[in-house]
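When a ligand or atom number is given, it counts from 1 through the structure's own listing order.
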Amino acid sequence: MTTPTPLQLYIETYGCQMNVNDSEVVAAVMREHGYATCSAAENADLALINTCSIRENAELRVWGRLTELRALKRKNPRLLLGVIGCMAERLKEKLLEQEQAVDLVVGPDAYRELPNLVSMAKAGQKGVNVELSREETYAEIAPVRYGGNGISAFVSIMRGCNNACSYCVVPYTRGAERSRDAQSILSEVQLLIDSGYKEVTLLGQNVNSYKVYADDGKTVACSFAQLLEKVALLSPEMRVRFSTSHPKDISDELLHVMAKRRNICKNIHLPAQSGSTRILELMNRKYTREDYLERIAAIRRILPTCSISTDLIAGFCTETEDDHQQTLSLMREVGYDFAFMFMYSERPNTKAARRYKDDVPEEVKARRLSEIIALQGELSLKSKLPYVGKPVEALAEGFSKKSKEQLFGRTSQNMVVVFPQGNHNAGDYLTVVPTRCTPATLIAEA
Ligand code: 5AD
Ligand code: SF4
């Protein structure tokens, strides 16, 4: 008996790590229904774009890509084309009303429905479901790691977001916060350990508010700090990272768990967004500059070797030159190791769009962003210099982009190290001595 040739599924992913992991869930759901993943849209029976709405640019890129995929569909009318993820949620009507609309529009909580929706689309109807859920966590679905390196993997521990940052579209596209059952997280990580993985990153919009309740519905049965420790205890060979922490919720309990467990990586991503308390209030971040710095002091005290990275937004509504200077001074004061830096992009229907005027001119936003980027370049270099000439432990992840004789890996602090391959392979832990560095990389010679 011959097995039938699987149908080909092509997925293209934009946006955050959460989306990368969602695409792996989608691959798992579709595999159960006879689809194998492929790496070129030209060969696909079904092409899905997993989209991001966080900034206008992210959406513009997807619209551009959709035009190309529609052209492909004209050549191959059998190809089904779908938009999934945050843009599907936000722009369902627009995606369906276009002259050559897509066949499927599926929001982040409706991926279990995909097989049914694909059947509808095959029958010539539109397959649409953008309903958000209060419960869905895809808990028992084992993601298919089709694009990964076999060494590090993402594991979602919660979905949605209950913060109401005024600039942010996420609560509208991903719905309310819900935590995934702890046992299913531990089983998934155990499966990764058994398959030879060496690093997991626990993902959530705000991991510090992870919580599962006991049967009484009131007592917390598992907090994030407890979950993190349980995951770390599964294997000393498995590194554990997590993202993202909200400054208002990062507890000393968590920092102590990090200090206690060697395999929990010493890196905290703590988005500040701005250094001005006035702007933070307009952003509805629920902390002041001083609160933020107090949390940084706690990290430095409890975890002296921890690196700290952040997200910053330049040119939020009403931001003055003085507010901007406060962002620069916060950056210097913290001495960030790394940062993601953005110009404010107004998103329709968010609180900021409804209440405030997007009144910082584009050229001012751009200039402030370039000052932030330039300063971060200096800080990134400065934060790497102390590691030059000293042994650092790295987990090798693969060949470096520049040379097939060099491997690259990461330190616990999430710093990229490049080193000669020698007799090492991806997946090995090794100690190297960097001899020089750039703002982005530690470099070890033979
Ligand atoms: N404009 C610019 N940046 C944004 N972010 C979120 N919303 C916006 C927006 N409207 C940034 C924040 C967040 C990161 C994921 O994206 O810095 O932490
Ligand atoms: Fe983009 Fe946010 Fe959606 Fe992730 S959750 S895809 S960052 S809009």
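- Protein heavy atom closest to atom 2 (Fe) of ligand 2, with residue, atom name and distance, is V170 CG2, 3.0 Å.
- Inclusion of S345 in the set of residues having an N or O under 3.5 Å from an N or O of ligand 1 is warranted.
- A side-chain donor-acceptor contact under 3.5 Å links S23 and T13.
- N163 and K248 are linked by a side-chain donor-acceptor pair at a separation below 3.5 angstrom, with hydrogens and angles left out of the test.
- Taking the ring centroids of H269 and F242, they lie at or beyond the 6.0 Å cut-off.
- The protein atom (non-hydrogen) at minimum distance from atom 5 (N) of ligand 1 is R55 NH1, 3.4 Å.
- The 12-atom threshold is exceeded at CZ of R65, counting heavy atoms of other residues, nucleotides or ligands nearer than 6.0 Å.
- Those atoms of ligand 1 with a heavy atom of F342 less than 4.0 angstrom away are 3 (N), 11 (C), 14 (C), 16 (O), 17 (O).
- Each of the following atoms of ligand 2 lies closer than 4.0 Å to a heavy atom of C52: 1 (Fe), 6 (S), 7 (S), 8 (S).
- Residue contacts with ligand 2 for M18 are absent, since no atom lies close enough (heavy atoms, distance under 4.0 Å).
- Contact annotation for V169 and ligand 1: no heavy atom of the residue comes within less than 4.0 Å of the ligand.
- Each of R178, R180, R112 was compared with E136 under the side-chain hydrogen bond (donor to acceptor under 3.5 Å, both in side chains) criterion, and only R112 meets it.
- Here C16 meets the criterion, with an N, O or S atom under 2.8 Å of atom 4 (Fe) of ligand 2.
- Considering V169, I54, V170 as possible partners of R347, the one that fulfils the side-chain contact (heavy atoms from CB on, under 4.5 Å) test is V169.
- Comparing heavy-atom distances from atom 14 (C) of ligand 1 across D311, T350, D358 singles out D311 as nearest.
- For Q325, the CD atom is densely surrounded, since the number of other residues' heavy atoms within 6.0 Å is greater than 12.
- Atoms of ligand 2 found under 4.0 Å from any heavy atom of R174, numbered from 1 in the order shown, are 3 (Fe), 5 (S).
- In terms of protein heavy atoms, atom 3 (Fe) of ligand 2 is closest to C86 SG, 2.2 Å.
- Ligand-side atoms of ligand 1 in range of R347: 10 (N), range being under 4.0 angstrom from any heavy atom.
- What sits closest to atom 7 (N) of ligand 1 on the protein, heavy atoms only, is Y167 CD1, 3.3 Å.
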Query raised in the report: Given R31 and T37, is the side-chain hydrogen bond (donor to acceptor under 3.5 Å, both in side chains) satisfied, shown in steps?
Result: CA-CA 8 Å; R31 183 150 84 177; T37 49; over 6 Å; no
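- Remark: E393 CD is packed, more than 12 non-hydrogen atoms of other residues, nucleotides or ligands lying under 6.0 Å away.
- Proximity to S53 (heavy-atom distance under 4.0 Å) selects the following atoms of ligand 2: 1 (Fe), 8 (S).
- Proximity to M343 (heavy-atom distance under 4.0 Å) selects the following atoms of ligand 1: 1 (N), 2 (C).
- Of all atoms in ligand 2, numbered sequentially from 1 with element shown, those under 4.0 Å from a heavy atom of N19 are 6 (S).
- In this structure, the side chain of D359 engages the main chain of T318 through a donor-acceptor pair within 3.5 Å.
- Atoms of ligand 1 lying under 4.0 Å from any heavy atom of Q273, numbered from 1 in the order shown and given with element: 12 (C), 13 (C), 17 (O), 18 (O).
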